[in-house]
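Here is how names work: the chains are called A, B, and so on, in the same order as the sequence lines, proteins then strands, and each is numbered from 1. Side-chain atoms are counted along with the backbone in the values below, which use heavy atoms only and exclude waters and symmetry mates.
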Amino acid sequence: MNARRLGLARLGQYAIVLVVAVSLNFALPRLMPGSPLALIAGVEVGEMSPEERAAVTADAGLDQPLVVQYLTYWKSILTLDFGYSFRQGTPIEELVLERVPWTLLLTLTALVVSAVVGIALGAFAAWRRGGAWDVSSLTVMIALESTPQFWLGMLFIALFSVSLGWLPSFGATTAGADLTGLAWLADVAEHAVLPVLTLSILSIPAVYLSMRYSTLSVLGEDYIRTAQAKGLRPRAVMLHHVVRTALLPVTTVLALRLGWAFGGTVVIETVFSYPGLGRLMYDAVSARDYPVMQATFLVFTVAVLLANLLADSLYPRLDPRTRV
Amino acid sequence: MTTTVSTDPEPGPAAVVRRGRRLRDHTTALGAIGGVIVLVLVTVAVLAPVLAPYDPAERAGTPFSSPSPDHLLGTNDVGQDLLSEMIYGTRVSLTVGIVAAAAAMLIGTVVGLIGGYFPRLGAVAMRGVDVVLILPFLPLLIVLAAYLGRSIVNTVIIIAILIWAPTARVIRAQVLSLANRDYIVAARSMGAGHGYVLWRHVLPKTMLLAIGEFVAATSGAILLESSLSFLGLGDPLQESWGSTLYWAQARGAFLTPAWKWWVLPPGLLIMFSALGFALLGYALEQRINPRLRRS
């Protein structure tokens, strides 16, 4: 299959994912037992007279045929009109937009941290394959993969915020401090340290494992043996020949990890009361604010798709061998 | 058989064999550790009523008390004994993990079998698998749980329909390689029906693989259950380790010294059980999966 057809197939697949996500959003509240009014219009059905009920039903478009409702739903999604929050009454786009920068701050910083640490540790472990470092780091990584992320966040708060008093335990800024300029930046950075640390630590194993595996397979290549045979020092071979090539597949893992980190913010931001998208989703679920929950789910889906697209378009640029 | 011994000591392959053996020893050791952890947890779950000093629902002491001889892990915000809660929580966490993984194994095996045996249908089915794999995992889990409501059965169903996809992939790959073997072709040409061949010849050769996948999936299911319960979406009547952490979070236990007996133990239990099943599953996979054995 040539590259263009492969690209089109991928795009088609992403389109299907989006259709599935939107359709789930549409179907779930309508499939649940009881009146969908409570889930879609956010009103207590029991307290209403039949006339009121009919009015609200018509207002929410629920008296239309399902096909019309479905198409109307798509139209509102494509025009980025997510409706209003049950709880706050504000347009959902506004709620989402003010949260996006905070979540991006956490996820992108965590991505950089986990990339640097994971790549360095993974390459080193592969270089010393079977050695004490390799075995012990591998064991730690497997243990980290089994660690519940929210629990790690809670322990960090207990340790760094409460016992040691080094860092703040909640929020993105100090409430009511009214800081500006550098002081504000320092405040934001201080609040981001623990959530970023938690997110990074949990992304490191995936990066580490893929870098270790990729380095191991590059180490077995003929041109590495050539480089060694012509007398290059092991460190030079490692840095200039092995790591450069081994990094290629890891970029894909990193891009996919970005999408994953977005979803992971739901628990992390809940633990740290961080005002990002994940916390927005959690609060929406707790308050039964279904439209907001649905909107955040869609935003997360789009984020994952964008991360996938990024990985797909990045890879052929980095690795000329995959260009057809 | 003596001839094989005398032809053996060629330096190259012998070294490979030796390294292979060392790797296998390592795998066995990890598998044994995983097995012991799983065995201990299952024993605790089965013997919970005998081991637990109190009924976990009973208000057995003063709320928020520190560990004492009466309450080894102290009590929570309504005075329930935390140690008993941990012991009974083993039941909930393991049950959800194991049942969800078993259901996922069933779905994954059926999709993988059909997908591998009928290649055209399989191509379509695998597109479906890809879609499930791309969707953002935790947010989807939360949306489903929010609509379906908080019950242990719903938790199991939601987790199962989210984690079957990788199993389907592994099983399909195995079935694809089996479908063209001589004995399958022979059976077909002698007039055996598709159902017979699948049941009699293909399924037995994929069962072991499916069991390895099942054990590994249990680890993931336990972690997912804990996340869901931590977000307050677990069964309110069946307290798991994740629910304990939800209440610890809601009551700010990690802001006080209580984190040592209220936050630390449930997290460690989640971690150890996920690790135990992951190690056991890894060891089983290494033994069973022909693709892994070759590399």
Can you check whether B:Leu245 reaches A:Met154 side chain to side chain, under 4.5 Å on heavy atoms? yes

Please identify, among B:Val263, B:Leu279, B:Leu141, the residue contributing the most non-hydrogen atom pairs under 4.5 Å to chain A. B:Val263

Among B:Leu148, B:Leu264, B:Ile270, which residue forms the greatest number of heavy-atom pairs with chain A at distances under 4.5 Å? B:Leu264

Distance, nearest 0.5 Å, that separates CG of A:Leu24 from CG of B:Leu140: 6.5 Å

Looking at A:Pro148 and B:Leu223, what are the two nearest heavy atoms and their distance? N-CD2, 4.0 Å

Which distance, rounded to the nearest 0.5 Å, do you find between the CG of B:Leu30 and the OG1 of A:Thr139? 7.0 Å

A:Val266 and B:Ile142, any side-chain heavy atoms less than 4.5 Å apart: yes

Using 0.5 Å steps for rounding, measure from the CE atom of A:Met281 to the CG atom of B:Leu138. 8.0 Å

Quick one: are B:Gln249 and A:Phe150 in side-chain contact, heavy atoms under 4.5 Å? no

Can you tell me which portion of A:Val271 sits under 4.5 Å from chain B's heavy atoms? Options are side chain, backbone, both or neither. both

Most contact-rich option vs chain B, by heavy-atom pairs under 4.5 angstrom, among A:Phe300, A:Tyr14, A:Phe297, is A:Phe297

Distance-minimising heavy-atom pair for B:Phe230 and A:Val267: CD2-CG1, 4.2 Å

What pair of heavy atoms forms the shortest contact from A:Val285 to B:Ala146, and how long is it? CG1-CB, 4.2 Å

Part of A:Leu159 lying under 4.5 Å from any heavy atom of chain B: neither

Mind ranking A:Gln294, A:Glu145, A:Met293 by heavy-atom pairs under 4.5 Å with chain B and telling me who comes out on top? A:Met293

Can you tell me how far apart OG1 (A:Thr147) and CZ (B:Phe272) are? Round to the nearest 0.5 Å. 10.0 Å

Please report the interatomic distance OG(A:Ser146) to CD1(B:Ile222), rounded to the nearest 0.5 Å. 9.5 Å

Walk me through whether A:Ile142 and B:Leu275 qualify under side-chain contact (heavy atoms from CB on, under 4.5 Å). CA-CA 8 Å; A:Ile142 295 174; B:Leu275 191 63; 3.7 Å; yes

